[in-house]
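Just so it is clear, the model here is predicted, and its values are computed rather than measured. Each chain gets a letter, A, B and so on, in the order its sequence line appears, and its residues count up from 1.
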Protein chains: 2
Amino acid sequence: MVTMGDIAKKAGVSTVTVSKALNDKEGVSDEMKRKIKQMAADMGYRFHAAAKSMRSGRTNNIVILIPERFAGDEQAFYLKFYRQIISVLESYDYYGILQILSSDDEERLMLPKAFLENRADGVIVLGQPKKEYIEHVTKENVPLVFLDFYTDQLNADVVVTDNFYAVYELTNYLISQGHREIGFVGNVHTTSSIQDRFLGMYKSLLEHRLPFNERYLVSDRDDAGRFIDLVLPEKLPTAFVCNCDHVGYLLIKKLSDSGIRVPEDCSVVGFDNDIYATLSTPPLTTVEVDLEEMAKVATKRMIEKLEGDKGSDGYGRILIKGSIVFRESVKNIQ
Amino acid sequence: MVTMGDIAKKAGVSTVTVSKALNDKEGVSDEMKRKIKQMAADMGYRFHAAAKSMRSGRTNNIVILIPERFAGDEQAFYLKFYRQIISVLESYDYYGILQILSSDDEERLMLPKAFLENRADGVIVLGQPKKEYIEHVTKENVPLVFLDFYTDQLNADVVVTDNFYAVYELTNYLISQGHREIGFVGNVHTTSSIQDRFLGMYKSLLEHRLPFNERYLVSDRDDAGRFIDLVLPEKLPTAFVCNCDHVGYLLIKKLSDSGIRVPEDCSVVGFDNDIYATLSTPPLTTVEVDLEEMAKVATKRMIEKLEGDKGSDGYGRILIKGSIVFRESVKNIQ
DNA sequence: CTGAAAGCGCTTACAG
DNA sequence: CTGAAAGCGCTTACAG
């Protein structure tokens, strides 16, 4: 291993000078800097993060903590999220250490091991852990950002997609296409995302002074989150808002099997713009979440906290806008 | 921050004793160990990875390097792979730092930054980079394991799925179901995986003294890997081996559109057992790759290299068996 | 069983 | 513009 000391010896200077030169600090002549950098390159010198970290007390690593049950998802949504995050981190010279939060560790309120070993400066929690876990981790002295879920903890930084507003807009669109009888597919008691999506639809109906018919509320999963068979109401609305594309896909299958054509007899919209939106026939009008922007905002927030621009104190809940993707699953029935 | 020194002061011993106690080394009375551990817990002591790393010269971090073009994949196959790897790493008290290899860095033969900064002890390359990159990285003094692709570098550790043998078995199965005219869908010049899958089929045909009809070879993508429209041969074989499920899915669509029923008129098999295998009608008989085992073997190999059980020297190419998943896309035509 | 000393590779604060 | 000294938190090798 080549150290600054080795370069110093060879160059006939002190390690202090080498350190200054390689870090482009003042107090070394340009000529000397050039020479030292050249030597470092020739000798295959590599920085030693641990030594730097010892002095600064910072590691430039961030833990990304994903509860186990979200990391097994077929579509790897959270892993894609993680991939966005590390790209942003890298642009700030940070690294992201992924840790999966096992249900065991979640139960026992264990902080991520990488953080406990001082391998990381902060933790981005990606996906909603149990309430007690959130409370516990908030109490510890851990720089935290919560990503993609709410919490009612006051002293928390939260970045979420604007579920509410996106479905509000989506429903406005349905109404602009002449729909007055609108249903919702989803169990509003499983996650706050689904609940907010439901409420977004509800707000749009309220604003247009349209009633919501409880019989048009179709559950798609049990309270534990497992999909159940969809039960269609006897009389159908002219359009369904589905809480996600996967369920939109299943609903269209169900409707087709009953001889009901989409969108001719019934319109359907989804949420996520994932693979199910393009695989269904017809492809779904849906909402695309802005993963990249969410990752960017959450990461920036974390780095602000760590590098302590003290002006940017206080906590915040940041909502990131999604965008509607128009496809062929909605009919204008005006 | 609490240090060993703080604990030592409070306990009235030296840091050496604290270090020994917390690391469960010999030379401290059980009574004292218990007391020190209790104090450490009470005081919220956290290990300091950087300090340990300075002495040992090791970080217990591994870089997982994925070329950019594999990390954008819709199904996030490589990210799922990464997720398996970190689970194995964690069980050995290691951490995985994901780095995406940009085409720029690939062109300029840049080693992953986390490695250059001595943040990691080794690199697992996941997914095939350019030939020049592989050559360069092999020459540098980096502990390396290549995962999920071949290289003709002799001094390399390689862990791949046994594409060849799996498709050989899959084709044997087709033949056992009475098929004699068997086609292949895939461009054999894009990746070594596809090539090996083709050769596995070919071996099975050879063994059964069946000819391979060049007209049954259907290309599915251009040499750059982009999907192209499938062109069916005028006369169809009784079965097609597809190089992946996605193409199997597309082929079945194509056949259905031409009024050809699967499996009644033509059987189809795929590879990967991904979402396309279950989404196609009928669902595909296919090969499931053993991600978990591959991750386990690759990770173990890396740790062996680092912890230098010198007996386990030398390099190897390790093939991991997949398994056939039987579904409804093959007809017995005996 | 316990501890004083040295050192891992670097940077900061100070002196020249 | 350059460098000697101290220290970041820990562990190893040695002495008692």
Side-chain angles (χ1 to χ4, degrees), chain A residues 1-37 39-40 43-61 93 113-121 306-307, chain B residues 1-37 39-40 43-61 93 113-121 306-307:
Chain A
M1 241 209 68
V2 184
T3 69
M4 285 191 179
D6 298 335
I7 302 176
K9 218 172 286 171
K10 210 161 204 169
V13 296
S14 74
T15 55
V16 178
T17 301
V18 173
S19 169
K20 283 175 182 162
L22 293 181
N23 287 301
D24 258 329
K25 298 227 164 129
E26 298 194 337
V28 187
S29 67
D30 287 348
E31 170 57 15
M32 183 55 89
K33 270 190 192 174
R34 218 196 35 68
K35 183 178 158 197
I36 289 175
K37 282 181 185 172
M39 287 189 117
M43 298 169 71
Y45 173 74
R46 300 189 290 148
F47 260 96
H48 200 90
K52 197 178 239 167
S53 171
M54 286 251 344
R55 296 246 41 187
S56 66
R58 301 243 315 286
T59 64
N60 280 39
N61 290 142
D93 270 313
K113 225 172 106 206
F115 183 79
L116 289 178
E117 292 176 359
N118 275 303
R119 282 174 189 276
D121 306 325
L306 295 175
E307 310 202 333
Chain B
M1 242 208 66
V2 183
T3 69
M4 286 190 178
D6 299 335
I7 302 176
K9 219 171 286 171
K10 208 161 205 170
V13 295
S14 73
T15 55
V16 177
T17 301
V18 174
S19 169
K20 281 174 184 161
L22 293 181
N23 287 302
D24 258 327
K25 298 228 163 129
E26 299 195 336
V28 187
S29 67
D30 286 349
E31 171 57 16
M32 182 55 90
K33 270 191 191 173
R34 218 196 35 68
K35 182 178 160 197
I36 289 175
K37 282 182 185 171
M39 288 189 116
M43 298 169 71
Y45 174 75
R46 301 188 289 148
F47 261 96
H48 201 92
K52 197 177 240 168
S53 171
M54 286 249 345
R55 296 245 41 188
S56 66
R58 300 241 318 283
T59 65
N60 279 39
N61 291 141
D93 270 313
K113 225 172 105 206
F115 184 79
L116 288 179
E117 293 176 359
N118 274 304
R119 282 175 189 277
D121 306 325
L306 294 176
E307 311 203 333

As an exercise, state the distance from [atom1] of [X] to [atom2] of [Y], rounded to the nearest 0.5 Å.
X	Y	atom1	atom2	value
B/S29	B/I36	OG	CD1	8.0 Å
A/D6	A/Y45	CG	OH	9.5 Å
A/M4	A/H48	CE	NE2	11.0 Å
B/K20	B/E26	NZ	CD	10.0 Å

Every protein N/O lying under 3.5 Å from an N/O of nucleotides 4-7 of chain D:
| unit_1 | atom_1 | unit_2 | atom_2 | d |
| --- | --- | --- | --- | --- |
| D/dG7 | N2 | A/R55 | NE | 3.3 |
| D/dG7 | N2 | A/R55 | NH1 | 3.2 |

Want to settle it: does B/E26 or A/V18 sit nearer the 5' end of DNA chain C, counting the closest nucleotide to each?
-> B/E26

What is the separation between atom [atom1] on [X] and atom [atom2] on [N], rounded to the nearest whole Å?
X	N	atom1	atom2	result
A/L22	C/dT11	CG	C1'	12 Å
B/K25	C/dG3	NZ	P	17 Å
A/K52	C/dC8	NZ	C1'	17 Å
B/M54	C/dC8	CE	C1'	4 Å
A/D24	C/dC10	CG	P	16 Å
B/N118	C/dG9	CG	C1'	10 Å
A/N23	C/dT12	CG	C1'	12 Å
A/R46	C/dG9	CZ	P	12 Å

So, [X] side chain and [Y] main chain: donor-acceptor pair closer than 3.5 Å or not?
X	Y	answer
A/R119	B/T59	yes
A/N118	B/A49	no
B/N60	B/D93	yes
A/K25	A/T17	no

Watson-Crick or G-U wobble partner of C/dA13, both distances under 3.5 Å = none

Considering every strand shown, what is the Watson-Crick or G-U wobble mate of D/dA4 when both distances are under 3.5 Å?
-> none

Contact under 4.0 Å: B/S19 side-chain N or O vs D/dT11 OP1/OP2 | yes

Closest non-hydrogen atom pair, [X] against [Y]:
X	Y	value
B/A51	A/M54	CA-SD, 3.3 Å
B/V2	B/M43	CG2-O, 3.1 Å
A/M39	A/A11	SD-CB, 3.6 Å

Near DNA chain C, which residues from residues 27-37 of chain A have a heavy atom under 4.0 Å away?
->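 None, since no heavy atom is under 4.0 Å.
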
So which of residues 1-11 of chain B are in contact with DNA chain D, with a heavy-atom cut-off of under 4.0 Å?
-> B/T3, B/M4

Before giving the answer on side-chain contact (heavy atoms from CB on, under 4.5 Å), spell out for A/K35 and A/V13 the whole-Å C-alpha distance, their side-chain angles and the decisive distance to 0.1 Å.
-> CA-CA 11 Å; A/K35 183 178 158 197; A/V13 296; over 6 Å; no

